[in-house]
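See structure below.
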Amino acid sequence: MAKEITSRQENYSQWYNDIVNKADLAENSPVRGCMVIKPHGYSIWEKMQGVLDRMFKDTGHTNAYFPLFIPKSFFSKEASHVEGFAKECAVVTHYRLTTDEDGKEIIVDKNARLDEELIVRPTSETIIWHTYKGWIQSYRDLPILVNQWANIVRWEMRTRLFLRTAEFLWQEGHTAHATKEEALEETRRMIDVYADFAENWMAMPVLKGTKTDAERFAGAIQTYTIEALMQDGKALQSGTSHFLGQNFAKAFDVKFTDQSGTLDYVWATSWGVSTRLMGALIMAHSDDNGLVVPPKLAPTQVVIVPIYKKDAQLDEISAKAHEIKDQLQQKGITVKYDDRDTQTPGWKFSEYEMKGVPLRLAIGPRDIQNATLEIARRDTLEKEIISQEGVADHIEQLLADIQKGIYEKALRFREENTYYVDDYEEFKQIMSEKGGFVWAHWDGTEETELKIKEETKATIRLVPVEENPEPGKCIYSGKPSKQRVVFARAY
RNA sequence: CGGGAUGUAGCUCAGUCCGGUUAGAGUACGUGUCUGGGGGACACGGGGUCGCGAGUUCGAAUCUCGCCAUCCCGACCA
């Protein structure tokens, strides 16, 4: 097989790009930083959406939709929120085009300037809290548990497909509560949902914890995060859940009357995951042969490829293939029988390997004769000849094995790349040479955090939530530390 | 916005320094034959405002000037 994909060792970034390209996930668009998500990439995203949506519904949430455009004035209301996003907002200033004097070029009509400029949403807290003001009067109106699936725009300088794009797809939950405790509980519940999704569906182990002041979401009191370790030793923030306190309620004057008749501001949360999860999925499992998709998120779990010379053989093979396909579908397994005669079997093998289809069956004349099948696992690249007898049960088991196997492989990788370090020189060495998660003591100051970032490019990915934290001395300043925090270089 | 580079076939690029037939290769695409258990072989074929605009010249992908676009490195970030 011709090597179409750069190896991870040779050039990790190029490997990532090659996977996105060769697995037909996405491509760049004429607008810098924006991407076209291709059918195969979108199919995986749809699977993720489906599972997450179910999880949100199961935890009591309902979907709604809020507008893409936000009046500029809304952004002046929550100061730290504005500061956080001001530098990456796309702004709509005009509403009409016209032709220039020569009538040749399309230009913006200067006479069609908007009275109030509109911000393309970088996130929807402001428009949503403006709206919630009208929805909330009494404790009887609470809680509000709303989610929306939407696209948002953050004008990023350096972009990479899925990992950081100017426009991306995501979901954002926005909830309103009568008490602080309830909002905090919601914040933690949703980070648990994300962790559950990451581990049990994406087969990607994650660390859970809170963000430091410096890394926190603009406008939040507390941010919970899940962080995964990618194969190059860099961390990827994969989902966040924010406790917003009463910040947005105060900014948008959202008050409610509680049972005792007292007027108080509403408590808020917001939480989201994005198409960045696609990037996480790619870098968590894929190898030098292409994408590896966990069976539970694979749009096609099993592909059947016929191998034949004469049409008469194909008829017989197709009959058997359809029989197996039916058996698998009855078990809820998604199957594709690829009997196109426009591509050779070898071509198809490579294609599905690069696209990460978990299992591949090949049926040829030999198999018809011997009542066998060739089955190939994408995760281990193992091939074996199996009997047609009981194939559906066998495949069902294999899919479960693959799901488990790739999780364990990712977990092993994380464990092998996790260090407990008490010496700053060693810390620096690990960060520059191999990366990974480093658990180290920190004195809790932003000053120290910043110095470490400057000197090592590593940031505090999270502060673990631990029942009995182990105190120690800050790795940088030597000052007292309450507990170890997790450092890594990050995407 | 600073520093570096590049624009030639759908894609990746050679040709540019040193101007000179009809502008090339690989790949992709089309047709046919042989093939078919890991991106098959051969034959034939289609496809180009050489980024745009001026200039120099008998002659410009190649030299000069201007413009445009893109990519990479830095500051920002889910």
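Every chain is numbered from 1 and lettered A, B, ... according to where its sequence line falls, protein lines coming before strand lines. This structure is a prediction, so every number in the text was calculated from the model and none was measured.
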Map Glu215(A) and Thr159(A) onto RNA chain B by nearest heavy atom, then report which one ends up closer to the 5' terminus.
-> Thr159(A)
In a check of side-chain hydrogen bond (donor to acceptor under 3.5 Å, both in side chains) between Thr223(A) and each of Lys211(A), Glu215(A), His242(A), Gln237(A), which one passes?
-> His242(A)
Judged by nearest nucleotide, the residue sitting upstream toward the 5' end of RNA chain B, Glu351(A) or Thr240(A), is Glu351(A)
Distance test, side-chain N/O of Arg158(A) to OP1/OP2 of C73(B), below 4.0 Å = yes
Protein-nucleotide distance (Ile307(A), atom CD1; G37(B), atom C1'), rounded to Å = 4 Å
Complement of G2(B), any strand, by Watson-Crick or G-U distances under 3.5 angstrom = C73(B)
Is the base of G36(B) touched by the side chain of Lys348(A) through a donor-acceptor pair closer than 3.5 angstrom?
-> no
N/O (side chain, Ser350(A)) to phosphate O (OP1/OP2, G38(B)) under 4.0 Å | no
Indicate, with a heavy-atom threshold strictly under 4.0 Å, whether Lys310(A) touches base, sugar-phosphate, or nothing.
-> nothing
How long is the line joining CZ of Arg32(A) and P of C72(B), in whole Å?
-> 7 Å
Whole-Å distance, Asn21(A) CG to A28(B) P, equals 14 Å
Touch check for Arg160(A), heavy atoms < 4.0 angstrom, all strands: base, sugar-phosphate only, or nothing?
-> nothing
Here the distance between atom C1' of G10(B) and atom CD of Glu27(A), to the nearest Å, is 12 Å
Within the 6.0 Å centroid threshold, strictly below: His81(A) and Phe248(A) = yes
Is the closest side-chain donor-acceptor distance between Ser270(A) and His174(A) under 3.5 Å?
-> no
Could you tell me whether Tyr491(A) contacts a base, only the sugar-phosphate backbone, or nothing, with contacts defined as non-hydrogen atoms closer than 4.0 Å?
-> nothing
Find the distance Ile375(A):CD1 to G37(B):C1' and express it as a whole number of Å.
-> 15 Å
Given that both distances must come in under 3.5 Å, which nucleotide forms a Watson-Crick or G-U wobble pair with A9(B)?
-> none
May I ask you to say what Phe168(A) touches in the nucleic acid, namely base, sugar-phosphate or nothing, with a heavy-atom cut-off under 4.0 Å?
-> base
Ignoring hydrogens and angles, state whether a donor on the side chain of Tyr491(A) or Asp232(A) is under 3.5 Å from an acceptor on the partner side chain.
-> yes
Sugar-phosphate, base or nothing in reach of Gln237(A), heavy atoms under 4.0 Å | sugar-phosphate
Given G37(B), G40(B), C76(B), which nucleotide is nearest the side-chain atoms of Lys87(A)?
-> C76(B)
For the ring pair Phe162(A) and Trp45(A), is the centre-to-centre distance below 6.0 Å?
-> no
Of all the nucleotides listed (G37(B), A75(B), G40(B)), which has the minimum atom distance to the side chain of Met157(A)?
-> A75(B)
Counter-base of C65(B), judged by Watson-Crick or G-U geometry with both distances under 3.5 Å | G53(B)
Between Thr459(A) and Arg461(A), do the side chains contain an N or O donor and an N or O acceptor separated by less than 3.5 Å?
-> yes
Quick one: label Leu236(A) by what it contacts on the DNA or RNA (base, sugar-phosphate, nothing), any heavy atom closer than 4.0 Å.
-> nothing
Choose from G38(B), G37(B), C76(B) the nucleotide whose nearest atom is closest to any side-chain atom of Lys383(A).
-> G38(B)
Pick base, sugar-phosphate or nothing for Thr275(A), based on heavy-atom distances below 4.0 Å to the nucleic acid.
-> nothing
Starting at atom CD of Gln14(A), determine the distance to atom P of C71(B), rounded to an integer number of angstrom.
-> 14 Å
Using atom CD of Gln343(A) as one end and atom P of A28(B) as the other, report the distance to the nearest whole Å.
-> 11 Å
Would you indicate, yes or no, if G36(B) has its OP1 or OP2 atom less than 4.0 angstrom from a side-chain nitrogen or oxygen of Lys309(A)?
-> yes
